[in-house]
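Heads up: the structure comes next, in structure tokens.
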Amino acid sequence: MPAVTVSARGEQRIRSGHPWIYRTDVVDVDAAGGDVVDVIGPRHRRIGHALFSDRSQIPIRMLTVGDAIADDTLIRARLERAMAMRASLHIDATAYRLVHGEGDLLPSLVVDRYGDYLVVQALTQGMDRLMPVVIEALVALAAPAGILARNDPKVRGLEGLEQKVEVLHGTIPESVVVREGPVEYDVDLRRGQKTGLFLDQRENRHAAAQYARGRLLDCFSYHGGFALLLARHCPEAEAIDISADAVARIRANAERNNVGHLQAREANVFDELRRLERAGSRYDTIVLDPPAFAKNKASIPNALAGYKEINLRALRLLSPGGHLVTCSCSYNVSEEMFAAVLHEASVDSHTPVTIVEKRMQGRDHPVLVGVPETYYLKCFILRRVE
Ligand code: SAH
């Protein structure tokens, strides 16, 4: 079997439960990009099996530690376990994540279910090479009407892999209707962001709905994820997104879901929050669900400034007794960092708030303990006390 030797520090990382080894800890390579390799420690001890990439900053992603063999049977068994876990959650939706990469011990693989269809992403050379095994297993386990590969993320380019969207099994219609609780969405699996929808917020939307009342402002709404559900509890509801396409989708979804009072408009949230403040507007329920501001470590300071700005402005617009649902999906911004930003925003806006709920990505996006990179989505529900 092809082999990669790692440094003592690399071995230590694996022994402490982290599945990634960085380029600087790779000592010797006798393998080609995409191989499943033997990982060897500095004292020639076999540590386990891994996916190997010859382009990535993370060349090694462990599949097994110890004697277990990383073969097709293991991949099938892990897919089966990942699907059984979702079945056990009794998710009240027809769209959810079936496989969440490292969180399901299937590094760099994403599988999302949208009704009868599956969308897959293989984000490293090694997982890309395993796709025939993965697809065969998914067909056997889930009998989908179609499987679409959304292999267009930028990281594939960094891996030296082609960025492409292709049907790998059956057929994929132009749009698919899925349901999340009482809300129906029309999804374009080929062109939507991520794999079509932001499935990771499902449980946070339902949590937020418990507090929603009065006037609602949903910022960074995309296709209306929060707005469509929360508007059922709010007699006045507004959704904002910078993308014209997203706003058109919110409007169509509002009609489909009989929440005709939901007003969607195209605007930059940063400008809009300032404008609303100048106009003296007040809201009882505000949602902030921006895109990841910190895509890497270097952008953390700017990201924190961005989070502070929108949270400060939103708190100024919040009525006493009202709720702010505020999220960060940057894994480079930890929960502690985000909490500190919220603290500053509360102090600077002279708005005393309590933490009603501290939440994260939905349970179908499991966090692997010891792997902070798998905990990316933070969601605080704050209440303005007075
Ligand atoms: N809340 C959504 C997901 C939001 S994704 C849901 O529950 O499904 C982030 C969205 O923010 C994208 O739709 C993107 O178009 C939008 N966006 C990014 N920058 C923005 C800005 N400055 N102002 C308004 N919208 C923005």
Side-chain angles (χ1 to χ4, degrees), residues 93 95-97 112 114 153 178-189 191-209 212 216-232 237-254 256-257 259 262-277 285-295 299 302-303 305-314 317 323-331 333 359-362 364-365 376-381:
Y96 49 87
R97 181 149 292 190
D112 287 341
Y114 288 88
V178 296
R179 183 186 60 76
E180 200 180 89
V183 175
E184 269 187 13
Y185 296 90
D186 202 1
V187 193
D188 180 346
L189 300 179
R191 282 165 287 266
Q193 286 199 43
K194 292 236 220 175
T195 59
L197 289 177
F198 290 83
L199 303 173
D200 49 6
Q201 289 283 28
R202 184 187 58 256
E203 295 176 1
N204 295 331
R205 293 183 191 116
H206 285 274
L216 165 71
L217 180 66
D218 180 22
C219 302
F220 308 97
S221 189
Y222 187 51
H223 292 178
F226 281 91
L228 294 167
L229 188 67
L230 273 54
R232 298 158 68 92
E238 297 163 36
I240 304 173
D241 201 282
I242 204 164
S243 140
D245 182 62
V247 169
R249 290 261 171 190
I250 301 171
R251 292 192 180 128
N253 283 334
R256 172 185 278 279
N257 288 283
V259 280
L262 172 61
Q263 298 291 318
R265 62 181 183 275
E266 194 185 323
N268 183 331
V269 167
F270 285 84
D271 301 335
E272 190 65 1
L273 291 177
R274 265 193 225 128
R275 189 187 68 77
L276 291 168
E277 190 183 330
T285 311
I286 302 179
V287 180
L288 293 175
D289 182 22
F293 287 161
K295 299 257 194 247
S299 56
N302 279 340
Y307 287 121
K308 165 125 182 242
E309 164 77 8
I310 54 174
N311 280 283
L312 177 111
R313 305 269 168 205
L317 293 175
H323 290 87
L324 171 63
V325 179
T326 181
C327 312
S328 162
C329 60
S330 310
Y331 84 80
V333 172
R359 309 185 51 85
M360 54 190 224
Q361 64 226 43
D364 48 336
H365 295 61
Y376 65 100
L377 177 60
K378 298 99 198 165
C379 171
F380 284 69
I381 303 181

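Just follow the structure's listing: the first ligand is 1, and inside any ligand the first atom is 1. Counting from 1, the numbers follow the sequence of the chain as shown.
- How far CG of L317 is from SG of C219: 8.5 Å, rounded to the nearest 0.5 Å.
- Put simply, CE on M360 and CD on Q201 are 12.5 Å apart, with the number rounded to the nearest 0.5 Å.
- By the 4.0 Å heavy-atom criterion, S221 is counted among the residues contacting ligand 1.
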After noting the C-alpha distance and the side-chain angles of R275 and E272, does the key distance pass the salt bridge (charged side-chain N to carboxylate O under 4.0 Å, His left out) rule? CA-CA 5 Å; R275 189 187 68 77; E272 190 65 1; 2.8 Å; yes
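- In this structure, the side chain of R359 does not engage the main chain of Q361 through any donor-acceptor pair within 3.5 Å.
- The shortest N or O to N or O distance between N268 and ligand 1 is under 3.5 Å.
- Not one N or O of A246 is nearer than 3.5 Å to an N or O of ligand 1, by distance alone.
- Checked by distance only, ligand 1 and D241 come closer than 3.5 Å through their nitrogen or oxygen atoms.
- Each of K378, R205, K194 was compared with D200 under the salt bridge (Lys or Arg N to Asp or Glu O under 4.0 Å) criterion, and only K194 meets it.
- Ion pairing between a basic and an acidic side chain is recognised when a charged N comes within 4.0 Å of a carboxylate O; R202 and E180 show no such pairing.
- The OG atom of S221 sits 9.5 Å away from the CG atom of N253 when rounded to the nearest 0.5 Å.
- Of the N or O atoms in F220, one or more lie within a sub-3.5 Å distance of an N or O in ligand 1.
- At a 4.0 Å cut-off, at least one heavy atom of Q193 sits close enough to ligand 1 to count as contact.
- Of the protein's heavy atoms, D289 OD2, 2.7 Å lies nearest to atom 1 (N) of ligand 1.
- Here is the list of ligand 1 atoms found below 4.0 Å of a heavy atom in F226: 1 (N), 7 (O).
- For atom 23 (N) of ligand 1, the closest non-hydrogen atom on the protein side is V269 N, 2.9 Å.
- Regarding atom 5 (S) of ligand 1, its nearest protein heavy-atom neighbour is F198 CZ, 3.4 Å.
- Considering CD1 of I310 and CZ of R274, their distance stands at 12.0 Å, rounded to 0.5 Å.
- The aromatic rings of F293 and F220 lie perpendicular to each other, with more than 60° between the two planes, well past the 30° mark.
- For atom 25 (N) of ligand 1, the nearest protein heavy atom (residue, atom name, distance) is I242 N, 3.1 Å.
- Assignment of C327 to the shell around ligand 1 is not supported, since no heavy atom sits closer than 4.0 Å.
- Taking 4.0 Å as the cut-off between side-chain N and carboxylate O, R191 and D245 do not count as a salt-bridged pair.
- For S243, no nitrogen or oxygen atom sits less than 3.5 Å from a nitrogen or oxygen atom of ligand 1, counting backbone and side chain alike.
- The heavy atom nearest to atom 24 (C) of ligand 1, out of those in C329, A267, G224, A227, is found in A267.
- By the criterion of a heavy-atom distance under 4.0 Å, the side chain of R205, and not its backbone, is placed next to ligand 1.
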